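Only a predicted model underlies this, so the values are computations on that prediction, with no experimental measurement involved. Chain naming here is simple, since letters A, B, ... match the order of the sequence lines and numbering starts at 1 in each.
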Protein chains: 4
Amino acid sequence: MKYSTGIETKRKIIDATFQLMADKGFDALSIDDIMTSIGRTKGSFYVHFKSKEELLYEVMRTRLDRGHGQMAEEILEELSKDSCNVRSILEKVVAEIYANSGEDRLTWAFAYYHLLIHSRKNEFVREWLETNADQWSTFLNMIVKRGQELGQIRTDVDTQTITNICMGIVVGYDILFMLRPQIDFSEVNHIHDWMFINDDKSSEKE
Amino acid sequence: MKYSTGIETKRKIIDATFQLMADKGFDALSIDDIMTSIGRTKGSFYVHFKSKEELLYEVMRTRLDRGHGQMAEEILEELSKDSCNVRSILEKVVAEIYANSGEDRLTWAFAYYHLLIHSRKNEFVREWLETNADQWSTFLNMIVKRGQELGQIRTDVDTQTITNICMGIVVGYDILFMLRPQIDFSEVNHIHDWMFINDDKSSEKE
Amino acid sequence: MKYSTGIETKRKIIDATFQLMADKGFDALSIDDIMTSIGRTKGSFYVHFKSKEELLYEVMRTRLDRGHGQMAEEILEELSKDSCNVRSILEKVVAEIYANSGEDRLTWAFAYYHLLIHSRKNEFVREWLETNADQWSTFLNMIVKRGQELGQIRTDVDTQTITNICMGIVVGYDILFMLRPQIDFSEVNHIHDWMFINDDKSSEKE
Amino acid sequence: MKYSTGIETKRKIIDATFQLMADKGFDALSIDDIMTSIGRTKGSFYVHFKSKEELLYEVMRTRLDRGHGQMAEEILEELSKDSCNVRSILEKVVAEIYANSGEDRLTWAFAYYHLLIHSRKNEFVREWLETNADQWSTFLNMIVKRGQELGQIRTDVDTQTITNICMGIVVGYDILFMLRPQIDFSEVNHIHDWMFINDDKSSEKE
DNA sequence: AATGAATGAGGCTTCATTCAT
DNA sequence: TATGAATGAAGCCTCATTCAT
């Protein structure tokens, strides 16, 4: 199987890079490492990518994007309904983020935060991360604001602050997870007690 | 000033490394970069350190430790008092962590999380970070537990979970800070509303 | 136009190479450069040439030869006539050499002298160039000798020396031309004053 | 003798490069070739030069400059005298140019014309060559003009044209020399017959 | 303590060439 | 005929480390 299609090899390279960069970081990763890991030789890397940097961007685009595009749309639709339960929506979001909390999630986290760190010396990466973070922030902000409109979320703290705290805690658990992979992500739902106005349903999470 | 004292130069190397690694990360930093930045030449590095790795450990020990040893002791003493106000203690801790939220804090954050990422390929670093995190966790746990004993902190959520959430949010804000250095750290005090039992709802945050 | 005829493509490759090697030299030229410039892909190069070296020889043979075969024959015939005017013949030769002194001439010059330089490390090229130079030398020598026979060219300097000076000046102007493409080639005709015996001093150059 | 002085090694690198680039040209020359030839290893090249390009410029400056600064000054002084013999001055110039017509001269020629060819893709080199050529042209022009002032050189052909022909023939012989190293450089003095006005001495050179 | 020359390994990239399609 | 994936050698450059001074 010496000659495969370009698309196939390109995908393999991206996948291998994603896996490997979680361990060593992108810089410490050599093209030789990557190509050897997929049973090809160094030289053929350049058939598929113009440079190592281009590979990074491709990995970012296809493997590290925090978009969850699919979910986002469903939720926006759900939110528009009058009867929507914002608290359970937020719990669904958390569940989706931490879905697949196995090896792959850890890989994603290391790779992603590698990139965050890397961003200090690469303008492009920095901008991409900011955009990515902004999208998340906007998305969460929308949910929170809707919750406030519907009288489900407290209004004595302003929307953006609540959003920040939500993002902060999600991101914080990403990091704690890197240190202790056994951590239980569902814990983060506890802060909903704080955000949401206590009608009655304060007991049922986790 | 060709011959400075050994200790002096060693300290300069450590400081310069701390500053520089925030930008480029430790790996991407060359010994030449470091030595040039302090006006010395590459060769003399090895008078002070056995290897580049040793330097890293020294930087960790002297600049990255999250110990806040001084503060920790004061607080433990405070906690032992019957009349202590756990909420204000916790606010003091947050203030201390984010004290000096200027350039230096950013430097610390990049350097520290660089290290976290780096940890995947270095057992020693990994253990150091875990120890560091455990100390923090233990410290916070102690505060929370005391708060519960004194009836100031809710007890329907178990001590470790509350501790995790506290740590998570602190760490999360570190990360958000790297993306948007303008963020307002005092926001994190809002979650105290959730942890602390509403006697009179001390309304005084921020 | 995916399948052009073989000959057609081969010619395109040769032409493109001739153009491109004037800029970058043959070595610095990659097969990819060449093939891309004619809208084909690298792989198909080897349908037409066994190797890059073979291409060089083909370019030499078809584009760099200094033969001016056509002209040479006409001139030899002219020379055999008793009434021939050697001075005007020589002027015609110069005109032919420098005909088309535009972009293409510059291309030729760069490519040709690239080759001369290249010759130090390639025996075949070296021999080809020597042969080429010898043919020219022989050709000029024939003209000069005939001029001497007819009493038109001075005889106090030996035939070969006069020939050398003629060649030298032609070649020299090639080089000057590369440095300053505005140079006026017809200037070289002035040295005819020196070679030719002053009967009436045909004053008519340029 | 493992550790030599920087100056010494740097000079050796430059000399070796000058020698080797005559054979293979600068591009085809690898840093490994150069360093091996002086008994050092590749890595240490960068102790002395920032890049391969910097080496080229250094070689140009120290080994390829056509300045002949020393001679130039002497000649300018000589020219200022009323009694000066411009013809013999020009012969001295030719002698100086072609002095040492052995291996080293050939080396110089190949290296220099390599550079000329190379110039098409390097602006800096191109400018350096142009400057170099201009200096020569100016220098020769000065001699010719002085010869005309003194009534020794013909005035029916304009100064610049005579200068061009002189330069052309010198350069031309450089090239012929590369093809046939046995060529007799003193032949070029014959064209002085053409430039200089025949008082009497028209027979005696070579 | 400091210098700076030297080393050798390793990384990115280019490129002539081969080969299955 | 043409394509494009793959190869492997080679080149430039960086860098941690050693060592004589």
Donor-acceptor pairs under 3.5 Å, side chain of residues 42-50 of chain A to any protein atom, not counting sequence neighbours: which ones?
residue: A:S44; atom: OG; partner: A:T41; partner atom: O; Å: 3.1

Query raised in the report: Dot-bracket for DNA chain E: what is it, with Watson-Crick or G-U pairs under 3.5 Å, [ ] where a pair crosses earlier ones, and | for a pair to another strand?
Result: .||||||||||||||||||||

Report task. In whole angstrom, give the distance that lies between atom CE of D:M35 and atom C1' of F:dC12. Result -> 14 Å

Requested in this report: Report the residues that fulfil side-chain hydrogen bond (donor to acceptor under 3.5 Å, both in side chains) with A:S30, sequence neighbours left out, ordered by chain and then residue number.
Outcome: A:D33

**Report entry** Results of side-chain contact (heavy atoms from CB on, under 4.5 Å) for D:L20 - residues two or more places apart only
**Finding:** D:L29, D:I34, D:S37

**Report entry** Partner set under side-chain hydrogen bond (donor to acceptor under 3.5 Å, both in side chains) for C:D32, not counting sequence neighbours
**Finding:** none

**Report entry** Contacts of type side-chain contact (heavy atoms from CB on, under 4.5 Å), residue C:T131, not counting sequence neighbours
**Finding:** C:Q135

Report task. Starting at atom NZ of B:K10, determine the distance to atom C1' of E:dA2, rounded to an integer number of angstrom. Result -> 16 Å

Query - D:E8 CD to E:dG4 P, straight-line distance once rounded to whole Å - result: 17 Å

Requested in this report: Can you sort out the partners of B:R61 under side-chain contact (heavy atoms from CB on, under 4.5 Å), two or more places apart, ordered by chain and number?
Outcome: B:E58

Query raised in the report: Hey, does the side chain of A:H48 come within less than 4.0 Å of F:dG4's phosphate (OP1/OP2), counting only N and O?
Result: no

Requested in this report: May I ask you to check if D:K24 and D:F110 form a cation-pi contact, with NZ or CZ under 6.0 angstrom from the six-membered ring centre and within 45° of the axis?
Outcome: no

Requested in this report: Output yes when at least one side-chain N/O atom of A:T9 is less than 4.0 Å from OP1 or OP2 of F:dA6, else no.
Outcome: yes

**Report entry** Side-chain N or O of D:S4 closer than 4.0 Å to phosphate OP1/OP2 of E:dA6
**Finding:** yes

Query raised in the report: Could you run down nucleotides 13-18 of chain F 5' to 3' and tag each one B, S or - for protein heavy-atom contact under 4.0 Å?
Result: BBSBBB

Query - Residue list, ring-ring contact (aromatic ring centres under 6.0 Å, His included) with A:Y112, at least two apart or on another chain - result: A:W108

Report summary line: Per nearest nucleotide of DNA chain F, the residue lying toward the 5' end, C:V47 or A:T41, is C:V47

Query raised in the report: Between atom CZ in C:R40 and atom C1' in F:dT1, what is the gap in whole Å?
Result: 9 Å

